[in-house]
Amino acid sequence: MAEVLVFHHGYGLTEGVRAFAERLRLAGHVVHVPDLFEGTVFDSLREGIGHAESIGFGTIVERGTAAAEGLPAELVYLGFSLGVLPAQKLAQTRPGAKGALLLEACVPVAEFGGAWPQGVPVQVHGMEADPYFAGEGDVDAARALVATAADAELFRYPGERHLFTDSGLPSYDEPAARQVTQRVLDFLDRIDRIDRLDRLDRIERPGAVAAVR
């Protein structure tokens, strides 16, 4: 199983985000879902982003970083829209990251340092005509990431909805969300498979058994 730290979008920690996290748990993964808005869920994205602006996007990233403290280094970081900020920052800067899943947003890699870290696979998902993802430069940052990172994929879906993966919002698109969920689960399964092979390889190496004892 993989261990995943999930960061919510600009509405807050909605039931739709919780449901997505639960779907990952049902597949056998360990999932943590911190509340970056400290209990507040907004009725509109405009209100939620306004709140994020009022407390500062840096505060959102700091709260996300704090949520990772005390958790294993070997995490997969998943962010929905606004939640991509802490997810991408941690994937790029916290040693031990196993992967990153950036849903409906992507920040230029230079925002959090230099090149994308080696050995950290990443997927980016977004709708082709989403005014935020496609219209504000995120898709360009995603293309640049895919062009330079060794293990990176960009998935684009037909439509113009933002937050199409949240089953509790009017923007939900069930067919596209189902595709995203399956690709995320396949990504996590691949990471789990690689980890198990690495552990087996360490055990089978000469002298490894003695070291384990």
Under a 4.5 Å cut-off applied to non-hydrogen side-chain atoms, are Leu185 and Arg23 in contact? yes
Test ring-ring contact (aromatic ring centres under 6.0 Å, His included) on Phe37 and Phe42; report intermediate values, then the result. CA-CA 10 Å; Phe37 282 177; Phe42 293 92; 5.6 Å; yes
Steps toward side chain to side chain contact (heavy atoms under 4.5 Å, CB included) verdict (Leu75, Lys98): CA-CA 5 Å; Leu75 293 174; Lys98 288 293 183 179; over 6 Å; no
Report yes if some heavy atom in the side chain of Trp116 is under 4.5 Å from a heavy atom in the side chain of Val120; otherwise report no. yes
Between Phe57 and Leu85, is the side chain to side chain contact (heavy atoms under 4.5 Å, CB included) condition met? List the steps. CA-CA 8 Å; Phe57 292 113; Leu85 290 173; 4.0 Å; yes
So do the side chains of Asp173 and Tyr157 get within less than 4.5 Å of each other, counting heavy atoms only? no
Could you tell me which non-hydrogen atom of Val33 sits nearest to which non-hydrogen atom of Val17, and how far apart they are? CG1-CG1, 4.2 Å
Roughly how far, to the nearest 0.5 Å, is CG of Leu90 from OG1 of Thr65? 4.5 Å
Spacing of CG belonging to Asp189 relative to CD belonging to Gln182, to within rounding of 0.5 Å: 8.0 Å
Output yes when a side-chain donor or acceptor of Glu74 lies under 3.5 Å from a complementary backbone atom of Ala97, and no otherwise. no
Can you give the donor-acceptor pairs under 3.5 Å from side chains of residues 149-156 to other protein atoms, not counting sequence neighbours?
{"unit_1": "Asp151", "atom_1": "OD2", "unit_2": "Arg190", "atom_2": "NH1", "d": "2.9"}
{"unit_1": "Glu153", "atom_1": "OE1", "unit_2": "Gln123", "atom_2": "NE2", "d": "3.2"}

Minimum heavy-atom separation for Pro34 to Leu5, with atom names? CD-CD1, 3.6 Å
Between Arg25 and Val30, is there a donor-acceptor pair closer than 3.5 Å when you use the side chain of the first and the backbone of the second? no
What side-chain donor-acceptor pairs closer than 3.5 Å can you find for residues 76-83, not counting sequence neighbours?
{"unit_1": "Tyr77", "atom_1": "OH", "unit_2": "Arg94", "atom_2": "NH1", "d": "3.0"}
{"unit_1": "Ser81", "atom_1": "OG", "unit_2": "His162", "atom_2": "NE2", "d": "2.8"}

From Leu145, Val122, Asp140, Val139, residue fulfilling side-chain contact (heavy atoms from CB on, under 4.5 Å) relative to Cys106: Leu145
Residue set satisfying side chain to side chain donor-acceptor pair (under 3.5 Å) with Tyr132, at least two apart, ordered chain then number -> none
Under 3.5 Å donor-acceptor, Asp130 side chain and Ala134 backbone: no
Do Lys89 and Glu111 sit within salt-bridge range, that is, some charged N less than 4.0 Å from a carboxylate O? no
Within 6.0 angstrom of Glu3 CD, more than 12 heavy atoms from elsewhere: yes
Between Val124 and Phe133, does the side chain to side chain contact (heavy atoms under 4.5 Å, CB included) criterion hold? Intermediate values first, please. CA-CA 10 Å; Val124 186; Phe133 181 72; 3.9 Å; yes
Shortest non-hydrogen contact from Pro117 to Ala91? CG-O, 3.5 Å
Take Arg178 and Glu174 through the salt bridge (Lys or Arg N to Asp or Glu O under 4.0 Å) test and state the conclusion after the steps. CA-CA 6 Å; Arg178 187 170 60 245; Glu174 196 274 336; 2.6 Å; yes
Do Leu188 and Leu24 make a side-chain contact, defined as non-hydrogen atoms from C-beta onward lying under 4.5 Å apart? yes
With a 3.5 Å cut-off and no angle check, do the side chains of His125 and Gln179 form a donor-acceptor pair? no
His29 side-chain N/O to Val31 backbone N/O, donor-acceptor pair under 3.5 Å: no
Mind checking the CD-CD1 spacing from Glu62 to Ile55? Nearest 0.5 Å is all I need. 10.0 Å
Any sub-3.5 Å donor-acceptor pair from Asp192's side-chain atoms to Met1's backbone N or O? yes
Going from CG on Asp186 to OG1 on Thr181, what distance comes out if it is rounded to the nearest 0.5 angstrom? 10.5 Å
Do you know the tightest heavy-atom contact between Phe164 and Ala177? O-CB, 3.7 Å
I need the Glu104 CD to Leu102 CG distance, nearest 0.5 Å. 11.5 Å
Check whether more than 12 heavy atoms from other residues, nucleotides or ligands sit under 6.0 Å from atom CD of Gln118, and answer yes or no. no
Any donor-acceptor pair under 3.5 Å linking the side-chain atoms of Glu47 with those of Ser44? yes
Interatomic spacing from CG in Leu163 to OH in Tyr172 - rounded to 0.5 Å: 13.0 Å
Expected output: side-chain His8 to main-chain Leu36 donor-acceptor under 3.5 Å: yes
Show your working on side chain to side chain contact (heavy atoms under 4.5 Å, CB included) between Leu101 and Phe187 and close with a plain yes or no. CA-CA 9 Å; Leu101 292 155; Phe187 181 91; 3.7 Å; yes
Correct closest heavy-atom pair for Val184 and Phe20 would be CG2-CZ, 4.3 Å
